[in-house]
Amino acid sequence: MHKDTSKITAESPLPRAKPLLRRFFDRDPRHVAQELLGKLLIRREGSVIIAGRVVETEAYMGVTDAAAHSAAGVTARNAVLFGPPGYAYVYFIYGNHFCLNVSCMPEGDAGCVLFRALEPVTGLQEMANNRGLELPEEPRLAQLKALTSGPGRMAEALEITRLRDNGKDLTNPKKSDLWLADSGWRPSRIAITPRIGITKAAEEPLRFLIAGNPFTSGKKL
DNA sequence: GAGGAGATCGTCT
DNA sequence: GACGATCTCCTCT
């Protein structure tokens, strides 16, 4: 892969990016997961902005989905999923990692979308710092991929934790330091595959990614 | 580049 | 007490 990665850091879609509205999330998680591809996930750390383009998502369908955290009903951990759409559900997994979801569907319905990978857009040095990595002035593609290609990695790059972010409104940059926005950019091709890392309902085609994008996780398609 | 195993702890049974 | 929507390191090729 010899893609010119300098363009990734040079472009700046943030000024014209519009926050996603709550009704964007108030529908079937499969539609939300697909349309989130190409949107921006933005973190504000004081005066610093860290942002990435969403390149990989997974849909979880709620209590009818055996692989979903909400499959067994409401618990203290997953309560956000049963609330209104557009809020962050952050969980801790494998003793090491946090993962970010956004709640979908009306209140009472526990559908959600898991963010699995970002393409770094701005704040790359901050991402590297948060990940405990060194990033040279002219990074190689593999070094950029290591920042955000995977749910645990992107959460660490944006300093997403359960304590800090669970239950946060992802549609309101005035009240929240973590939100989603539309820069107008659209992916040309989308690929759909089974979800990764699960054992129940593992065959359902509920993983969505931007075809050909090098920043997705897992094996190359 | 691919594959396997260990780390590590919150959550639920 | 067992498990998990993962990552990293190590070995082998």
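As the structure is a prediction and not an experimental result, all values here were calculated from the model. Below, read A as the first sequence line, B as the second, and so on, with proteins coming before strands; counting in each chain starts at 1.
Residue A:R77 is classed as a sugar-phosphate contact, given heavy-atom separations below 4.0 Å to backbone atoms only. Counting non-hydrogen atoms under 4.0 angstrom, A:F92 reaches the backbone sugars and phosphates but no base.
Protein atom NE2 of A:H69 is 10 Å distant from nucleotide atom C1' of B:dT11, rounded to whole Å. Across the protein-nucleic acid pair, A:N78 atom CG and B:dT11 atom P stand 11 Å apart, rounded to whole Å. Spacing between atom CG of A:L100 and atom C1' of C:dA5 amounts to 12 Å, rounded to whole angstrom units. Here the C1' atom of nucleotide C:dT8 and the NZ atom of A:K145 are 15 Å apart, to the nearest Å. As a whole-Å value, the separation of A:I196 CD1 from C:dT6 P is 8 Å. Following rounding to the nearest Å, A:I93 (CD1) and C:dT6 (P) show an atom-to-atom distance of 7 Å. One can place CG of A:L209 at 19 Å from P of C:dA5, the figure rounded to the nearest angstrom. Rounding to whole angstrom units, CG of residue A:L163 and C1' of B:dG10 are separated by 13 Å.
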- Derivation and outcome, side chain to side chain contact (heavy atoms under 4.5 Å, CB included), residues A:N130 and A:I50: CA-CA 11 Å; A:N130 294 339; A:I50 306 174; 3.9 Å; yes
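In this structure, A:R195 is positioned above the aromatic face of A:Y60, its NZ or CZ under 6.0 Å from the six-membered ring centre and within 45° of the axis.
When the nearest nucleotides of DNA chain C are assigned to A:S70 and A:R153 by heavy-atom distance, the more 5′-ward of the two goes with A:S70. In this structure, A:T199 and A:S149 both approach DNA chain C, and ranking their closest nucleotides by distance from the 5' end singles out A:T199. For the pair A:R162 and A:N96, both in contact range of DNA chain B, the more 5′-proximal nearest nucleotide belongs to A:N96.
Judged by Watson-Crick or G-U wobble contacts below 3.5 Å, the nucleotide B:dG4 has C:dC9 as its partner.
Salt bridge status for A:E45 with A:R164: present, with a side-chain N to carboxylate O gap under 4.0 Å.
A side-chain donor-acceptor contact under 3.5 Å links A:N78 to the backbone of A:H69.
The residue from A:L209, A:V113, A:L118 that alone fulfils the side chain to side chain contact (heavy atoms under 4.5 Å, CB included) condition with A:V54 is A:L118.
Put simply, the side chain of A:Y91 and the base of C:dA5 share a donor and an acceptor less than 3.5 Å apart.
Residue A:Y60 and nucleotide C:dA5 are classified as a stacked aromatic pair, their ring centres being separated by less than 5.5 Å at an interplanar angle below 30°.
Within the 4.0 Å cut-off from OP1 or OP2 of C:dC7, not a single side-chain nitrogen or oxygen of A:R131 is found.
Which of B:dC12, C:dC7, C:dT8 sits closest to the side chain of A:T75 comes down to B:dC12. Listed nucleotides C:dT8, C:dC7, C:dA5 differ in distance to A:I198; the shortest reach to its side chain belongs to C:dA5.
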